[in-house]
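Quick note on labels: first sequence line is chain A, next is B, and so on, each numbered from 1.
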Amino acid sequence: MISKGATWNSNSCRIKFARRFVSALLHMRNRNTRPGSLTIEGVRTHTQRIKIAAYLSMAQAVGSRRAWSRAVLSKHGSRARRHSRMGRSSVGLKKTRVIRSYPPGELGQAKKLRQLVPGGKTMDMCSLLEETAHYIKCLATQVKVMQTLADNFSK
Amino acid sequence: MSSRRSRSRQSGGSRPITDDQINDLVSKLQQLLPEIRERRSDKVSAATVLQETCNYIRSLHREVDDLSERLSGLLESSDTAQAAIIRNLLMQ
């Protein structure tokens, strides 16, 4: 398993993400021919949608292998989003108290980390650190691809 | 006895979490952080690594926000989008 993780380079992750993200952008563009998109509010929503598409594309490229990507997919999947707005029992699930044992000395920063990493609130410390490492790698890849796209567009 | 029982009830963890495992993971995380790598110091505490990790994740989020804004502006006004996209995919 570990060797498989080493050969899984960020390359395949990058390509998968790039493809999904670009097709999402194209889809958005073809859908967005209304003149209302030039208002400030329209631009802001457009930015929001692009941001969500980026995170979603990355989570999809990673798949269900990682807890953080599963958390992103369940939060933002378009159909799941509509269902959750109808008052699902997910709110009740969040209020369930989970008795965890925090290792001493890591409490303060671990709390902040849990808020930053998707799905981090219900992980034990080991998983949290692992997921964080993977999450950071994917985020960095995501930023590089978006940077490349932005550079190409402005030529 | 009871603490062991509650620990085994955690999701996915019937193994106890040792300090060594955590230190291992923390050092692995340390390798990914750009700042600490450049400092080349071995005496970085776990708290620092976690703090730097939080800062790094936040800065990455901010970059994603900025890039989304840029892309949003560029997407609106670009007719050569198709060519740029194809070129970009080929360069991957």
> Any Lys/Arg nitrogen of A/Asp151 or B/Arg70 sitting under 4.0 Å from an Asp/Glu carboxylate oxygen of the other?
Replying inline: yes
> Side-chain contact, heavy-atom cut-off 4.5 Å: A/Thr132 with B/Leu50?
Replying inline: no
> Atom CD in A/Glu131, atom CG in B/Leu25: separation rounded to 0.5 Å?
Replying inline: 11.0 Å
> Side chains of B/Arg58 and A/Lys112: does their closest heavy-atom pair fall under 4.5 Å?
Replying inline: yes
> Given a strict heavy-atom distance threshold of 4.5 Å, which part of A/Ala53 is in contact with chain B: side chain, backbone, both, or neither?
Replying inline: neither
>> At a 4.5 Å cut-off on heavy atoms, which part of A/Gln147 comes close to chain B: side chain, backbone, both, or neither?
In response: both
> Where do A/Ala150 and B/Leu74 come nearest, in terms of heavy atoms and distance?
Replying inline: O-CD1, 3.6 Å
> Roughly how far, to the nearest 0.5 Å, is CD of A/Gln48 from OG of B/Ser68?
Replying inline: 8.0 Å
>> Testing the basics here: between A/Leu113 and B/Cys54, what is the closest heavy-atom pair and its distance to 0.1 Å?
In response: N-SG, 3.8 Å
>> Rounded to the nearest 0.5 Å, what separates atom CD1 in B/Ile22 from atom CG in A/Leu128?
In response: 9.5 Å
> What pair of heavy atoms forms the shortest contact from B/His61 to A/Leu116, and how long is it?
Replying inline: CE1-O, 4.0 Å
>> Would you compute the distance between atom SG of A/Cys126 and atom CG of B/Asp24 and round it to the nearest 0.5 angstrom?
In response: 9.0 Å
> Are any of the side-chain heavy atoms of A/Ile136 and B/Leu33 separated by less than 4.5 Å?
Replying inline: yes
>> So which atom in B/Val64 and which in A/Met146 form the shortest heavy-atom distance, rounded to 0.1 Å?
In response: O-CE, 3.9 Å
> Which region of B/Asp65, side chain (C-beta onward) or backbone (N, CA, C, O), has a non-hydrogen atom less than 4.5 Å from a non-hydrogen atom of chain A, or is it both or neither?
Replying inline: both
>> Working to the nearest 0.5 angstrom, can you tell me the gap between B/Ser72 OG and A/Lys51 NZ?
In response: 12.0 Å
> If we only count heavy atoms from C-beta on, is the B/Leu71 to A/Phe21 side-chain gap below 4.5 Å?
Replying inline: yes
